[in-house]
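Letters A, B, ... are given to chains in the order of the sequence lines, protein chains preceding strands, and every chain is numbered from 1.
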Number of protein chains: 2
Amino acid sequence: MTSVPTPPWRKSPRPVKQQLSQALIVETGLRILDAEGLDALSMRRVAQELDTGPASLYAHVSNKDELLELIYDLVLGEIEVREPDPANWKTQLREYAMESHRVLGRHADIARAAMAAVPTGPNALRLGEYMMALLISAGMDPRDASFGVDRLSLYIAGDAYEGSQHYARMRSKGMNDRESYLNSFVGQIKDYYRSLPPERFPMLVTYVDELTDPDGEARFEYGLDLLIDGMAARMK
Amino acid sequence: MTSVPTPPWRKSPRPVKQQLSQALIVETGLRILDAEGLDALSMRRVAQELDTGPASLYAHVSNKDELLELIYDLVLGEIEVREPDPANWKTQLREYAMESHRVLGRHADIARAAMAAVPTGPNALRLGEYMMALLISAGMDPRDASFGVDRLSLYIAGDAYEGSQHYARMRSKGMNDRESYLNSFVGQIKDYYRSLPPERFPMLVTYVDELTDPDGEARFEYGLDLLIDGMAARMK
DNA sequence: ACCTGAACACCGTTCAAGT
DNA sequence: ACCTGAACACCGTTCAAGT
């Protein structure tokens with residue numbers, strides 16, 4: 001089917017509006033989420049971006065919660081997964097967790113939807129299938145595999161959500177540089193802990209530095225390894 | 001100081017309004033949260049309950065986030081803690097986690113604040129001090145103890161938050177019975193997984209029952225033991 | 001079937017004014 | 001110092017009406 005450009009004198013008086021569609025709405029939502037955060041993502045804001053009224057969206061998504069779930073599954077689509085390799089299940093599971101965490105981190109504010117979501121979107125299914133295949137093929141008991149997958153997913157989403165809170169706090173303070181924010185924030189906590197009465201809070205005062213270690217990545221991996229080691233111990 | 005009742009004819013035309021105070025506002029907030037959920041907790045709703053306008057609250061709390069943090073610390077006050085017993089650190093840490101989880105579960109919708117909060121409230125400090133004292137006295141390395149406390153707290157809050165989402169979904173569906181909701185909900189997921197193409201999702205189809213086990217308590221304890229076992233392995 | 005404008009019943013927060 | 005009414009700049013969702 002060849003198409004020919006409409007000659008300018010035949011153009012309708014106002015440019016033809018781009019057709020609405022669920023995909024378009026979801027993509028627009030994600031763009032707003034990434035650029036301006038969860039607080040800025042409203043039905044009205046999405047509608048405005050698409051040059052229409054908020055009521056128009058309801059022909060394509062049933063409400064805001066559903067929109068959030070759809071955006072979440074779109075984000076999950078970025079997580080890539082390789083062929084399960086049973087012999088190296090531990091490192092592969094770890095890599096999967098790291099990759100998921102990275103992807104959620106790139107779209108910080110989606111993490112809240114991650115915690116609320118029931119895994120029914122196409123990408124959630126794909127990833128669930130992958131994790132189960134990896135663990136079952138490695139010989140794990142189905143119940144251990146199911147619970148392990150569930151707890152690991154919760155942990156990944158939980159950490160990402162916590163991270164997104166920091167990000168939101170930073171934005172609300174009008175700061176832009178992640179590093180300088182983290183330093184000033186951790187500095188404040190440190191000062192506060194150090195000012196505590198040492199006879200009442202000897203531990204907090206003594207171990208300020210350990211307790212306020214700002215390396216979020218190290219904390220995530222630490223907990224991840226606690227979980228994976230525990231799963232390995234239940235393997236044989 | 002003895003006080004005598006004011007005679008009825010001296011009463012002011014309208015009854016004297018109960019004095020506002022931060023404590024009163026926070027308690028009122030918690031009451032609304034427990035009875036009607038996070039969505040119902042608004043500055044306006046709290047003000048209405050206290051028979052005043054929303055603007056009046058801002059003399060006692062600087063904004064809604066602060067109110068949420070204060071409510072959260074009030075909830076943490078319900079968590080009781082015993083003298084650290086280094087010899088039984090594992091069971092004591094486990095009991096602490098279970099107790100925290102129970103308390104957060106009683107006030108389901110506070111869990112979101114739990115994930116966002118920086119531990120600076122009096123009760124957060126008390127509990128942090130307790131966990132650190134328990135682990136350090138048991139001989140754990142300070143960094144392992146700090147990270148362990150941090151990851152365990154995240155896990156507890158994360159699971160409670162996930163639970164609160166189910167609770168909210170139930171409320172939004174107008175249901176009241178926790179059990180019957182869970183059954184119908186899990187039933188839907190089961191049906192959906194079973195309807196999936198088995199050649200594309202063999203694992204999800206085969207292990208539906210394990211994957212949709214509705215026993216939230218068992219899932220929580222499973223992940224808790226993964227974490228605590230991992231911590232124990234890093235102990236010696 | 002899809003889109004719209006207008007309306008309903010809400011929000012958090014600020015600010016000048018009162019006591 | 002504390003409280004207030006009124007206002008500002010928003011929300012999500014519904015609904016009758018249009019095409």
For this session: Taking side chain to side chain contact (heavy atoms under 4.5 Å, CB included) as the test, write out the residues that go with A:Glu129, two or more places apart.
Result: B:Phe201, B:Pro202, B:Met203, B:Leu204

Problem set entry | Residue pairs passing the side chain to side chain donor-acceptor pair (under 3.5 Å) test where at least one lies in residues 115-128 of chain A, sequence neighbours excluded | A:Asp73-A:Asn123, A:Asn123-A:Arg126

For this session: For B:Tyr181, enumerate each residue passing the ring pair (Phe, Tyr, Trp, His ring centres under 6.0 Å) test, keeping only those at least two apart in sequence or located in another chain.
Result: B:Phe185

Exercise. How close or far is atom C1' of D:dC11 from atom CD of A:Gln48, stated in whole angstroms?
Worked result: 13 Å

Exercise. In whole angstroms, how far is the C1' atom of C:dC2 from the CD atom of A:Gln22?
Worked result: 14 Å

Exercise. Within this structure, what is the CG-to-C1' distance between B:Leu50 and D:dC3, rounded to whole angstrom?
Worked result: 13 Å

Exercise. Does B:Tyr207 have any ring pair (Phe, Tyr, Trp, His ring centres under 6.0 Å) partners at least two apart in sequence or in another chain, and if so, which?
Worked result: none

Exercise. Do any pairs count as a ring-ring contact (aromatic ring centres under 6.0 Å, His included) and have a residue in residues 29-51 of chain B, sequence neighbours left out, and if so which ones?
Worked result: none

Seminar exercise, completed: Writing each nucleotide of DNA chain D 5' to 3' as (, ), [, ], | or . by Watson-Crick or G-U pairing under 3.5 Å yields ||.|||||...|||||.||

For this session: Please state how far atom CG in A:Asp39 lies from atom C1' in C:dC11, giving the value in whole angstrom units.
Result: 13 Å

Exercise. Under 4.0 Å: is that the gap between some side-chain N or O of A:Thr52 and OP1 or OP2 of C:dC3?
Worked result: no

For this session: Determine which pairs satisfy salt bridge (charged side-chain N to carboxylate O under 4.0 Å, His left out) with at least one residue from residues 211-223 of chain B, sequence neighbours left out, and list them in order.
Result: A:Arg143-B:Asp213, A:Asp150-B:Arg219, B:Arg94-B:Glu221

Problem set entry | Contact pattern, 5' to 3', of nucleotides 12-19 of chain D - B, S or - by protein heavy atom under 4.0 Å | BBBB----

Seminar exercise, completed: Rounded to the nearest 0.5 angstrom, the OG-CD distance for A:Ser153 and B:Glu162 is 9.0 Å

Exercise. Between the side chains of A:Gln165 and A:Tyr161, is a donor N or O closer than 3.5 angstrom to an acceptor N or O?
Worked result: yes

Exercise. Taking atom P of C:dC2 as reference, at what distance in whole Å does atom CG of A:Leu57 sit?
Worked result: 14 Å

Problem set entry | Phosphate contact (D:dA1 OP1 or OP2) by B:His60 side-chain N/O below 4.0 Å | no

Problem set entry | Pairs involving residues 19-42 of chain B, ordered by first then second residue, that meet salt bridge (charged side-chain N to carboxylate O under 4.0 Å, His left out) (sequence neighbours left out) | B:Glu36-B:Arg45

Problem set entry | Rounded interatomic separation in angstrom, taking CD1 from B:Ile25 and P from D:dC2 | 11 Å

Exercise. Say you pick atom P in C:dA9 and the same atom in D:dA9; how far apart are they, in whole Å?
Worked result: 23 Å

Exercise. What is the distance, rounded to the nearest whole Å, between atom CG of B:Leu38 and atom P of D:dC11?
Worked result: 19 Å

